[in-house]
Amino acid sequence: MQPFTQRVVETIKSIPEGKVATYGQIAELAGSRRAARRVVWVLHAMSEAHGLPWHRVVSASGEIALRDDEARMMQTMLLEHEGVEVDDRGRIDLDRYRYRPGDAD
DNA sequence: AGTGTGACTTGGG
DNA sequence: ACCCAAGCCACAC
């Protein structure tokens, strides 16, 4: 596994319950600001094997990015279970729920 | 090696 | 706020 991939995995694992991070944010935290699409690939390839909290990753617009309706429902359910509000269009208020590393909560 | 694809992002209109 | 075109990076064929 490439170092960047490893860092993406660690970054995703570091997102706390009740918070979300965007693809671009994860890419930046892992050291490559423009690598949002690699984050997508990591989620596909490593989510299961590494037990990643994949549901805490959303798009820069605060939207659930999954295409598949069932999967969207699943993500919505997992997030709301952690106290993250998701509206009926699958949108999340990033001002409220965005993960900010280093914040004292 | 070229092309297509993806749970993306940004910038412009 | 929505739509679109480019840019982005790695992978599979």
Side-chain angles (χ1 to χ4, degrees):
Chain A
M1 176 188 319
Q2 301 206 335
F4 177 82
T5 301
Q6 181 62 50
R7 288 197 298 275
V8 169
V9 168
E10 296 306 320
T11 301
I12 293 171
K13 285 165 80 173
S14 76
I15 307 170
E17 261 187 52
K19 294 288 181 181
V20 300
T22 69
Y23 299 86
Q25 180 185 358
I26 291 164
E28 182 166 11
L29 289 171
S32 183
R33 195 161 72 88
R34 296 285 160 212
R37 313 202 72 145
R38 273 195 282 175
V39 175
V40 173
W41 179 84
V42 171
L43 283 165
H44 273 287
M46 324 286 276
S47 269
E48 198 166 354
H50 289 263
L52 301 182
W54 57 270
H55 56 286
R56 297 182 190 140
V57 185
V58 300
S59 74
S61 54
E63 244 178 332
I64 286 180
L66 288 164
R67 307 269 195 243
D68 181 71
D69 285 335
E70 271 186 53
R72 292 174 66 90
M73 271 201 315
M74 165 88 88
Q75 182 166 7
T76 301
M77 181 194 73
L78 289 168
L79 286 173
E80 294 197 320
H81 186 71
E82 298 182 354
V84 176
E85 293 178 36
V86 184
D87 76 11
D88 50 356
R89 293 187 209 160
R91 291 182 316 188
I92 292 137
D93 184 351
L94 288 181
D95 289 336
R96 283 181 66 182
Y97 297 111
R98 188 169 110 85
Y99 167 42
R100 294 183 176 79
D103 256 22
D105 226 287

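Naming convention: chains lettered A, B, ... in sequence-line order (proteins, then strands); numbering from 1 in each chain.
- A 4.0 Å heavy-atom criterion places the boundary nucleotides of DNA chain C facing chain A at C:dC2 to C:dC11, written 5' to 3'.
- The shortest non-hydrogen separation linking A:R98 to A:K19 is O-CD, 3.8 Å.
- One finds the CD1 atom of A:I15 at 8.5 Å from the CG atom of A:L29 (value rounded to the nearest 0.5 Å).
- Looking at heavy atoms from C-beta onward, A:Y23 lies in side-chain contact with A:V57 at the 4.5 angstrom threshold.
- Of the residues in residues 26-48 of chain A, A:R34, A:R37, A:R38, A:W41 come within less than 4.0 Å of DNA chain C through at least one heavy atom, sorted by number.
- Between the C1' atom of B:dC8 and the CZ atom of A:R67 lies a distance of 9 Å, rounded to the nearest Å.
- A:P53 and A:K13 get closest at one heavy-atom pair: CD-CA, 4.1 Å.
- Nearest heavy-atom pair, A:H55 versus A:Q75, reported as atom, atom and distance to 0.1 Å: O-NE2, 2.8 Å.
- Per the geometry, CG belonging to A:L94 stands 15 Å off C1' belonging to B:dT10, to the nearest Å.
- By the 4.5 Å heavy-atom criterion applied to side chains, A:I64 and A:I92 are counted as neighbours.
- Using a 4.0 Å heavy-atom distance criterion, A:T5 is classed as making no nucleic acid contact.
- Closest of all the heavy-atom pairs between A:A60 and A:L94 is O-CD1, 3.4 Å.
- Atom name P, nucleotides B:dA7 and C:dC13: the rounded distance is 16 Å, in whole Å.
- Contact detail for A:A30 and A:V8: the closest heavy-atom pair is CB-CG2, 3.7 Å.
- For the segment residues 58-65 of chain A, residues with any heavy atom less than 4.0 angstrom from an atom of DNA chain B are, sorted by number, A:S59, A:A60, A:A65.
- Note that A:R56 lies outside the cation-pi zone of A:Y99, set by a 6.0 Å cut-off to the ring centre and a 45° limit from the axis.
- When every heavy atom of A:S32 is checked against every heavy atom of A:F4, the shortest pair comes out as CB-CE1, 3.3 Å.
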